Amino acid sequence: MFWADAPPGEKIRAIKALGVNCGQLGLLGDTDLSQSHAQAWRQALAEENFTLVTVFTAYTGESYADIPTVQGTVGFIPAATRQERLARTLEASDFTATVGVPSLACHIGFVPHDRNHPDYVAVRDVVRVICDRCASNGQTFALETGQEPAVTLKQFLEDVGRANLKINFDPANMILYGTGDPIEALEVVRDSVVSVHCKDGDWPPPGQPGALGTERPLGKGSVGIPRFIAKLKQIGYTNALTIEREVHGDEQRRDILAAVERLRILT
Ligand code: MG
């Protein structure tokens, strides 16, 4: 999982140097979504023989500092930015189509558990609009897991009622947000999983309401990566395994190289 923060050819060559041939591209809140930029990505992918499985969108103003901050800033929950983020996501779908990628994804934010809550209804309607644009572009739209329990997510998918609405399953997020055992969650939503993040982490510290858990190098946290891979095999998942490691610099490079090796052994 990498970001569009460098020229496409340069970025792809740096990712390939980690020993992988596919991945997911994240668009920052200010990434240029012009057709010419999309064409540049399309051309670089072809030249480097690299496969993008998903394009992720993020939005200006989002913060993952702690759970209340995530609730107040991420995705389509904040009403003040809902319409501008919807418009940008529709643009991102068109960008993704030009790049030639069959799936768009994002964190939609904390979906309330109450199906009659105004935010639930508003976000459900926003997701319908995004799904319809993605369908017209031949894409799935995938929701990142973690901020709500699997049963809430499954109910939300049913309420949206769009066949191209899918899940990008991140087992570490279930732990970091304290929303439930990731392997049990994967069983609940198994039929909707189109892509996964291979990420690890530990549960939130006890006695600190609102605190997030800590992300850890793959295999060093509480997910249980061997059981995660075994569960993916059991449900017949054959799509890409995308490593996500949200640190920077040498630490990120070292941890990703180790994760590639670990996944080679497990698969
Ligand atoms: Mg993730």
Side-chain angles (χ1 to χ4, degrees), residues 1 24 53-54 56 64 66-67 70-71 74-75 77 103 105-115 117 120 123-124 127 140-161 165-246 259 262-263 265-267:
M1 170 76 201
Q24 296 177 313
V53 294
T54 314
F56 259 86
Y64 290 84
D66 52 32
I67 289 174
V70 172
Q71 282 170 330
V74 169
I77 295 296
S103 189
C106 78
H107 282 260
I108 59 169
F110 270 100
V111 176
H113 297 190
D114 173 7
R115 296 166 68 200
H117 191 287
Y120 186 100
V123 174
R124 180 200 67 196
V127 171
T140 56
F141 179 57
L143 311 180
E144 172 89 350
T145 55
Q147 292 159 2
E148 47 282 309
V151 287
T152 304
L153 194 59
K154 190 173 184 194
Q155 181 67 60
F156 183 77
L157 294 181
E158 285 170 15
D159 288 342
V160 173
L165 183 59
K166 303 290 181 184
I167 286 173
N168 182 84
F169 192 89
D170 185 326
N173 284 352
M174 308 296 303
I175 288 176
L176 298 177
Y177 289 90
T179 40
D181 177 77
I183 310 306
E184 289 171 20
L186 182 51
E187 176 62 30
V188 173
V189 298
R190 56 187 283 171
D191 294 337
S192 300
V193 174
V194 71
S195 50
V196 300
H197 281 165
C198 293
K199 190 171 88 180
D200 213 339
D202 288 330
W203 295 91
Q208 291 181 44
L212 285 160
T214 306
E215 195 205 343
R216 305 268 286 136
L218 199 75
K220 303 283 176 65
S222 303
V223 168
I225 297 302
R227 72 183 185 129
F228 176 55
I229 299 299
K231 183 67 184 174
L232 287 173
K233 287 179 182 173
Q234 188 221 319
I235 66 171
Y237 179 85
T238 55
N239 292 346
L241 299 174
T242 300
I243 296 164
E244 182 175 43
R245 182 66 176 121
E246 301 186 86
R262 192 167 199 91
L263 290 174
I265 291 164
L266 289 173
T267 54

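Since the structure is predicted, the reported quantities are computational estimates derived from the model, not experimental observations.
- Put simply, the side chain of Asn173 never gets that close to the backbone of Gly146: no donor and acceptor are under 3.5 Å apart.
- Considering all non-hydrogen atoms of both residues, Pro149 and His113 come closest at CD-NE2, 3.7 Å.
- Under the side-chain hydrogen bond (donor to acceptor under 3.5 Å, both in side chains) criterion, Glu187 pairs with Arg190, Lys231, sequence neighbours left out.
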Show the numbers, then the answer: is there a salt bridge (charged side-chain N to carboxylate O under 4.0 Å, His left out) between Arg227 and Asp181?
-> CA-CA 12 Å; Arg227 72 183 185 129; Asp181 177 77; 2.8 Å; yes
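- The ring pair (Phe, Tyr, Trp, His ring centres under 6.0 Å) check on Tyr120 picks up Phe156, with sequence neighbours excluded.
- For Asp114, there are no salt bridge (Lys or Arg N to Asp or Glu O under 4.0 Å) partners two or more places apart in sequence or in a different chain.
- Applying the side-chain contact (heavy atoms from CB on, under 4.5 Å) rule to Pro204 yields no partners; only residues at least two apart in sequence or on another chain are considered.
- A heavy-atom distance below 4.5 Å is found between the side chains of Leu263 and Ile243.
- Scanning for ring pair (Phe, Tyr, Trp, His ring centres under 6.0 Å) contacts around Phe56 gives His197, with sequence neighbours left out.
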Trace of the side chain to side chain contact (heavy atoms under 4.5 Å, CB included) decision for Val70 with Gln147 = CA-CA 9 Å; Val70 172; Gln147 292 159 2; 3.7 Å; yes
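- The closest donor-acceptor contact from the side chain of Thr152 to the backbone of Glu148 lies at 3.5 Å or more, if one exists at all.
- Atom CG of Leu153 sits about 10.5 Å away from atom CD of Glu144, to the nearest 0.5 Å.
- Judged by distance alone, the side chain of Asn168 and the main-chain N or O of Ala105 form no donor-acceptor pair under 3.5 Å.
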Verify side chain to side chain contact (heavy atoms under 4.5 Å, CB included) between Phe169 and Val194, making sure each step is shown before the conclusion.
-> CA-CA 8 Å; Phe169 192 89; Val194 71; over 6 Å; no
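- Between Ile225 atom CD1 and Ile265 atom CD1 the span is 13.5 Å, to the nearest 0.5 Å.
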Quick one: do Ile167 and Leu157 satisfy side chain to side chain contact (heavy atoms under 4.5 Å, CB included)? Show the steps, please.
-> CA-CA 9 Å; Ile167 286 173; Leu157 294 181; 3.6 Å; yes
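- The CE atom of Met174 sits 9.5 Å away from the CG atom of Leu186 when rounded to the nearest 0.5 Å.
- Taken to the nearest 0.5 Å, the CD atom of Glu244 stands 4.0 Å off from the NZ atom of Lys199.
- Screening Thr140, Thr54, Asn239 against Ser103 for a side chain to side chain donor-acceptor pair (under 3.5 Å) leaves a single residue, Thr140.
- Side-chain contact between Asp200 and Pro217 is absent, with no heavy atoms from C-beta onward closer than 4.5 Å.
- Although no hydrogens or angles enter the test, the distance criterion places a donor-acceptor pair under 3.5 Å between the side chain of Tyr237 and the main chain of Ala240.
- For Pro171 against Pro182, the heavy-atom pair with the smallest separation is O-CB, 3.5 Å.
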Step by step, work out the side chain to side chain contact (heavy atoms under 4.5 Å, CB included) result for Leu176 and Trp203.
-> CA-CA 5 Å; Leu176 298 177; Trp203 295 91; over 6 Å; no
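- For the atom pair CZ (Arg115) and CD (Glu158), the distance works out to 8.0 Å, reported to the nearest 0.5 Å.
- The list of salt bridge (charged side-chain N to carboxylate O under 4.0 Å, His left out) pairs with a residue in residues 205-217, not counting sequence neighbours, reads Asp202-Arg216, Glu215-Arg245.
- Minimum heavy-atom separation, Gly210 to Asp66: O-CB, 3.4 Å.
- Proximity of Lys166 to Leu143: side-chain heavy atoms (C-beta onward) are nowhere separated by under 4.5 Å.
- Once rounded to the nearest 0.5 Å, the distance linking NE2 of His107 with CD1 of Ile77 reads 13.5 Å.
- Under the 4.5 Å side-chain criterion, counting only non-hydrogen atoms from C-beta, Thr242 is not in contact with Ser195.
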